[in-house]
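Okay, so here's the structure we're looking at.
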Amino acid sequence: EKGGFDHFMLKEIYDQPRCISDCMRGRLLLKEKRIVLSTINLHRNELVNAGRFVIVACGTSWHAGLIGKQLIEQWAKIPVEVEYASEFRYRNPVILPGDVVIAISQSGETADTLAAFELAKKSGALCFGIVNAVGSSIARASDTGIYIHVGPEIGVASTKAFTGQVTVLTLFALALGHELGTIPQQEYEDTIEELGRIPGKIKTVLEKDSKIKDIARTLTYAENALYMGRGYNYPVALEGALKLKEISYIHAEGYPAAEMKHGPIALIDEDMPVVFVATHHQLYKKILSNIEEVKARNGRIIAIVTEGDEAVSDIAEATIEVPPTLAPLAPLLSVIPLQLTAYHVAVEKGLNVDQPRNLAKSVTVE
Ligand code: M6R
């Protein structure tokens, strides 16, 4: 059932081109350059008139939520808050009329996310589920929502569910922006076309696996690592760090790269690997100067860059190239090398990749 792969995690990483196609099937209409989501047909009024979206989630799903916030704010111009479900549920949160609460959960059984969702429902918010497991508790508690349809995820480290969640959030934000007229028609169509190319581009990244494995080997004996990204790649940095922590047992922190100066830069010396997600987008020059700052302090730089990059490649110890894409779609490509890196480090250390110590696939107790 591992389809010839050594671990479920690796199989699930390699499944992503197909999963993302499945997730978009019937929703992304390439010929008509249009997105069709039943939730928008059924709940158009509540969604276009939403005063605010509040996303509740945990772990990797929370990282997907951070990307969702940027997408919805960019295209639909509706404010979004992203909350740890465990904090939200006990804070006596303000839920206003017109709020739409989105729960993101692969399993649909995470206790804190379910409780946050139920609280939102009691307060009268429209409850919108972004779930993988069909018929799960969160799916059943939803008034509406979008399944990610990436198939069962067995490895404890979430991989294809993350890219599925980000894909669904992208479709939703685009469709909502289109309904509202807040996204220019050309940008809407260009993004649809580029989404259609994403599965193929993920395949291209997967072809770099043997290089990624070599780079990962150099991280095996690290005790700490920093992950840095900006804009759409900031949550990707958080996700890369979480992947490394949970399966490789290496302490890793993700940061928005500009925050480095406010503390973490003190950690940098020749033993500190710093993984930069530095693809060619609006903040590229800014992140380049963050990379130079780390270089000046002898940090070891590993960077995810866009094909053909020169500036970062000149100063980094190692780079992994991903194909060019639009900024809002960057996470779907840049996260792949980080998933593979964590996987190879864990394998190299002889660890139980699919079932890391102390962790459960679904956290059904708080
Ligand atoms: O099933 P959920 O998406 O609600 O799970 C949330 C987290 O427990 C989950 O993403 C966890 O952080 C993963 N092990 C990360 O790889």
Side-chain angles (χ1 to χ4, degrees), residues 7-13 15-16 19 23 55-68 82-89 101-118 120 127-142 145-169 227 235-250 252-254 331 335-336 338-343 345-346 351-366:
H7 299 96
F8 283 110
M9 183 183 177
L10 191 62
K11 174 180 184 282
E12 288 159 5
I13 292 173
D15 263 354
Q16 289 175 107
C19 292
C23 172
I55 297 180
V56 293
C58 304
T60 288
S61 300
W62 185 80
H63 296 156
L66 293 179
I67 297 171
V82 188
E83 301 262 4
Y84 284 117
S86 56
E87 289 295 317
F88 180 84
R89 67 179 285 201
V101 174
I102 302 181
I104 307 180
S105 175
Q106 186 288 128
S107 62
E109 300 297 346
T110 299
D112 282 322
T113 310
L114 179 60
F117 212 33
E118 280 168 349
C127 285
F128 190 108
I130 296 183
V131 172
N132 192 32
V134 176
S136 56
S137 303
I138 293 173
R140 282 183 279 118
S142 303
I146 310 176
Y147 277 116
I148 65 171
H149 286 315
V150 297
E153 189 181 65
I154 312 285
V156 164
S158 185
T159 53
K160 63 179 183 174
F162 175 76
T163 45
Q165 290 161 345
V166 173
T167 303
V168 157
L169 286 160
Y227 282 68
V236 173
L238 299 185
E239 176 60 6
L242 177 62
K243 289 289 88 93
L244 194 72
K245 275 185 275 221
E246 69 177 329
I247 60 166
S248 316
Y249 313 155
I250 293 175
E253 296 295 333
V335 77
I336 310 288
L338 304 186
Q339 297 170 341
L340 284 166
T341 300
Y343 171 79
V345 174
L351 300 173
N352 187 344
V353 175
D354 284 333
Q355 276 182 311
R357 68 186 178 201
N358 311 338
L359 282 170
K361 182 63 186 162
S362 28
V363 183
T364 52
V365 289
E366 60 170 298

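Remember, it's 1-based here, ligands and their atoms both numbered in the order they're listed. All residue numbers in this chain count up from 1 along the given sequence.
- If you number the atoms of ligand 1 from 1 as listed, the ones under 4.0 Å from a heavy atom of Ser105 come out as 1 (O), 2 (P), 3 (O), 4 (O).
- Ligand-side atoms of ligand 1 in range of Ser61: 2 (P), 3 (O), 10 (O), range being under 4.0 angstrom from any heavy atom.
- Under 4.0 angstrom from ligand 1, there are no non-hydrogen atoms of Lys361.
- For the pair Ser248 (side chain) and Ala342 (backbone), a donor-acceptor distance under 3.5 Å is present.
- The closest non-hydrogen atom to atom 8 (O) of ligand 1, taken over Ile247, Asn132, Val363, Thr364, comes from Val363.
- Residue Ser107 has at least one nitrogen or oxygen atom sitting less than 3.5 Å from a nitrogen or oxygen atom of ligand 1, judged on distance alone.
- Nearest to atom 10 (O) of ligand 1 among the protein's heavy atoms is Thr60 N, 3.1 Å.
- The two residues Ala64 and Gln165 make their nearest non-hydrogen contact at CB-OE1, 3.4 Å.
- Neither side chain, Lys243 nor Thr159, offers a donor N or O lying under 3.5 Å from an acceptor on the other.
- Aromatic pair His7/Tyr343: ring centres closer than 6.0 Å.
- Below 3.5 Å of separation, one finds an N or O of Val156 facing an N or O of ligand 1.
- Annotation: atom 6 (C) of ligand 1 to nearest protein heavy atom, Cys58 O, 3.4 Å.
- Close contacts between ligand 1 and Ala157 involve ligand atoms 16 (O) [criterion: under 4.0 Å to a heavy atom].
- A donor-acceptor pair shorter than 3.5 Å cannot be found between the side chains of Gln339 and Glu239.
- If you check the side chains of Glu109 and Ser137, you find a donor sitting under 3.5 Å from an acceptor.
- Minimum interatomic distance between Val150 and Ala161 (heavy atoms only, all atoms of both residues): CG2-CA, 4.1 Å.
- Heavy atoms of Lys243 found under 4.0 angstrom from ligand 1 belong exclusively to the side chain.
- When hydrogens are left out, the protein atom nearest atom 16 (O) of ligand 1 is Glu246 OE2, 2.3 Å; that is the closest non-hydrogen contact.
- In this structure, Ser362 has no heavy atom closer than 4.0 Å to ligand 1.
- In this structure a side-chain-to-backbone donor-acceptor pair under 3.5 Å is present from Gln16 to Ile13.
- With respect to Glu366 and Arg89, a salt bridge is recorded, a charged nitrogen being found less than 4.0 Å from a carboxylate O.
- Summary of contacts: the protein heavy atom closest to atom 4 (O) of ligand 1 is Thr110 OG1, 2.5 Å.
- Checking only distances, Gln106 does come within under 3.5 Å of ligand 1, N or O to N or O.
- Of the N and O atoms on the side chains of Glu153 and Ser158, at least one donor lies less than 3.5 Å from an acceptor on the other residue.
- Listed by atom number, the atoms of ligand 1 under 4.0 Å from Ser158 heavy atoms are 15 (C), 16 (O).
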